[in-house]
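Being a predicted model, the structure only gives us computed values, none of them experimental.
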Amino acid sequence: MSQPNPTLWSLLRSRGFFQQCTGEEGEIEAAAKGPVTAYTGFDPTASSFHVGHLIPLMAMMHVQAAGHRPILLLGGGTAMIGDPTGKNEMRQMLSREQLEANTQGLRKQAERLLRFGPGQAEMVNNADWLMNWGYIDFLREIGPHFSVNRMLTFETFRTRMETGLSFIEFNYPLLQAFDFLELHKRFGCTVQMGGDDQWANILSGVDLVRRKTGGHVFGWTFPLLTTASGAKMGKTEKGAVWLDPERTSPYDYYQFWVNVDDADTAKCLGFFTQLPMEEVAQLSGLEGEQLRRAKQVLAFEATKIIHGEEEAKRAEAGARALFGGGGDLSQVPSAPVSRARLAEGYPVAEALAEHGMAKTNSEGRRLMEQGGVTVNDQKVTDPFAKLNVEDAQDGAFLLKVGKKKFHRLLVEP
RNA sequence: GGGGAGAUUCCCGAGCGGUCAAAGGGAUCAGACUGUAAAUCUGACGGCGACGCCUUCGAAGGUUCGAAUCCUUCUCUCCCCA
């Protein structure tokens, strides 16, 4: 392990990864003289991380880069309960098989971002210690340390007083607190990090560790990632933006970042790139049209971290071809079309629907009627227009919907 | 255990026998303006080669020329009392 970097906390602060932490001013810094073990948890509710998970993941990368030890906790056990935080209603319960599959998926992705191994990052699954408890035992062991009166004051639960809260969800903070205790015992973990909505859960853990072991541990939260207009970030018309290239292609991933609001650019450069802050500050200083340069850097860097430099370059080349004019079209998302299909006249509406540019044929036709569809740079407004072999350019059709959605159909030889 | 309210298209939410594919808002998409930004304005927003046809208003039956609207049963949710 490299020499621990005592400036980890100030680095995190300067990059935006700080909302609040427990302890007195400067206390956590002081406690971090030697290598610190810090953990953050993710419940495996899907088989891939998405952009919403990126802040804690990036934070863990900084922890490791600074010479400390990050622990990534996958909540195979807690996901059996379901975190009620931020939910208006109970989450659908996932089957054990599903959770196991999801855990595998997340594990694979995490391994690309952090170095795991002896003396390096740890990856744990809380199913390993949560699943074997007997109900009575757990209640006797942990229950006495939790005040229902206090739990009811948690924002999470207060909002649920209106819509209803089941007992299973009410138990969630106990389990998360127990995780911290367990990691403290096993790995000497002294810091739990998470989104600010986790504050109450994290505090529960800090308290529990103190009560059970007398240990002094810390909680640290990140700001919740919202767009300048207040909405949760990470959603597009296609749904969540995933880190799994099968779900969100590197090209789309790159596009997501190019398309962030002007107002969010600076914030995102701090969170989602590893560029030095001087460079971030300089890029953020750009104005107007120039700011797009900053977004291109953001997109490239963010894509590089997740998909690697090669993919980032490809995504960038594709974007340049489509938006910059000319260039290399080979990186644009594409699919083959058979000659037979074209011979009988391939309705544009169907082509759009079959390649994810419209949900249905009707929507495809509507888009055409509204002037939103372009084939090889020619606007097509006839809803029943067809593609024919002889209309192909360089053996392909470039379909475009709106300003940003492109797809190339390659005529089979 | 007793009493009450309710389940509507992605979300919220009108409709309460025909004029309902179902008001309004949000979200979303397209067009204009732009910088692959934001804001604003306009349009679209169940499916279908479509001024018509098909499938929708928790589920299944029934009444009726005709039902999201009435009746029956069922499932689920919420509230109040105990």
Looking at every strand, decide which applies to A/G288 at a 4.0 Å heavy-atom threshold: base, sugar-phosphate, or nothing.
-> base
For B/C20 and B/A67, measure between their P atoms and round to the nearest Å.
-> 15 Å
Watson-Crick or G-U wobble mate for B/G35, both contacts under 3.5 Å = none
Between B/G35, B/G47, B/A44, which nucleotide has the shortest distance from any of its atoms to the side chain of A/T360?
-> B/G47
A/R13, CZ atom: more than 12 neighbouring heavy atoms under 6.0 Å = yes
Rounded to whole angstrom, note down the C1' distance from B/U63 over to B/U73.
-> 15 Å
Would you indicate which nucleotide in B/G35, B/U36, B/A30 comes nearest to any side-chain atom of A/V401?
-> B/A30
A/R366 side chain near B/A50 phosphate (N/O to OP1/OP2, under 4.0 Å) | no
Would one find a side-chain N or O of A/S362 under 4.0 angstrom from OP1 or OP2 of B/A50?
-> no
A/D264 atom CG is separated from B/A38 atom C1', nearest whole Å, by 10 Å
Using purine N1 to pyrimidine N3 plus N6-O4 or O6-N4 for Watson-Crick, or N1-O2 and O6-N3 for G-U wobble, both under 3.5 Å, which nucleotide pairs with B/G18?
-> B/C65
Should the ring pair A/F157 and A/F154 be called parallel, tilted or perpendicular, given that the plane angle runs from 0 to 90° and is split at 30 and 60?
-> parallel
Report the distance from atom CG of A/D261 to atom C1' of B/G35, rounded to the nearest whole Å.
-> 13 Å
Could you check A/V373 against A/D262 and say which one's nearest nucleotide on RNA chain B is further toward the 5' end?
-> A/V373
Assign the ring pair A/F167 / A/F170 to parallel, tilted or perpendicular, where the plane angle (0 to 90°) is split at 30° and 60°.
-> tilted
Provide the distance between the two P atoms, one in B/U9 and one in B/U69, to the nearest whole Å.
-> 14 Å
Do A/D196 and A/Q19 have side-chain N/O donor and acceptor atoms under 3.5 Å apart?
-> no
Fit a plane to each ring of A/W257 and A/F272, take the angle between them on a 0 to 90° scale, and name the class: parallel (under 30°), tilted (30 to 60°) or perpendicular (over 60°).
-> tilted
Tell me: CG of A/N259 to C1' of B/U36, nearest whole Å?
-> 5 Å
Quick one: which of B/U34, B/U36, B/G35 gets closest to the side chain of A/K403?
-> B/U34
How far apart are the closest heavy atoms of A/M368 and A/D382, and which atoms are they?
-> SD-O, 3.6 Å
So which nucleotide does B/G43 pair with, by the Watson-Crick or G-U wobble rule with both distances under 3.5 Å?
-> B/C29
Considering only heavy atoms and no angle criterion, is a donor-acceptor pair shorter than 3.5 Å present between the side chain of A/Q370 and the base of B/G43?
-> yes
Should A/K359 be listed as having a side-chain N or O under 4.0 Å from OP1 or OP2 of B/C48?
-> no
Would you kindly give the CD-to-P distance between A/E363 and B/A50, to the nearest whole Å?
-> 19 Å
Could you work out the separation of B/A60 and B/C65 based on their C1' atoms and round it to a whole Å?
-> 24 Å
When the distance from CZ of A/F384 to P of B/A50 is rounded to whole Å, what number comes out?
-> 7 Å
Could you say whether A/E350 or A/Y254 is positioned toward the 5' end of RNA chain B, judged by the nucleotide with the nearest heavy atom to each?
-> A/Y254
Of the candidate nucleotides B/C48, B/A30, B/A37, which contains the atom at the shortest distance from the side chain of A/N361?
-> B/C48
Can you check the A/K400 NZ to B/A30 C1' distance for me, whole Å?
-> 12 Å
Watson-Crick or G-U wobble partner for B/C78, using a 3.5 Å limit on both distances?
-> B/G4
Would you indicate, yes or no, if B/G35 has its OP1 or OP2 atom less than 4.0 angstrom from a side-chain nitrogen or oxygen of A/R292?
-> no
Measure the distance from OH on A/Y251 to P on B/U36 and round it to the nearest whole Å.
-> 13 Å
How far does the C1' atom of B/A21 sit from the matching atom of B/G46, given to the nearest Å?
-> 7 Å
Would you kindly give the CG-to-C1' distance between A/D382 and B/A50, to the nearest whole Å?
-> 14 Å
Where is the tightest heavy-atom contact between A/L269 and A/S284, given as atom of each residue plus distance?
-> CD1-OG, 3.9 Å
Selected nucleotide, minimal atom distance to A/K379 side chain, candidates B/G31, B/G35, B/A30 | B/G31
Atom P, compared across B/C16 and B/A22: separation rounded to whole Å | 16 Å
What distance, rounded to whole Å, do you find between the two C1' atoms, one in B/G13 and one in B/C81?
-> 30 Å
What about A/E289, does its side chain sit under 3.5 Å from the base of B/U34 through a donor-acceptor pair?
-> no
Classify the ring geometry between A/F138 and A/W133 as parallel (under 30°), tilted (30 to 60°) or perpendicular (over 60°).
-> perpendicular
Among B/A37, B/G43, B/U36, the one nearest any side-chain atom of A/F323 is B/U36
Between B/U56 and B/C10, how far apart are the P atoms? Round to whole Å, please.
-> 14 Å
With a 4.0 Å cut-off on heavy atoms, is A/E369 in touch with a base, just the backbone sugar-phosphate, or nothing at all?
-> nothing
Mind checking who B/G24 pairs with, Watson-Crick or G-U wobble, both distances under 3.5 Å?
-> B/C12
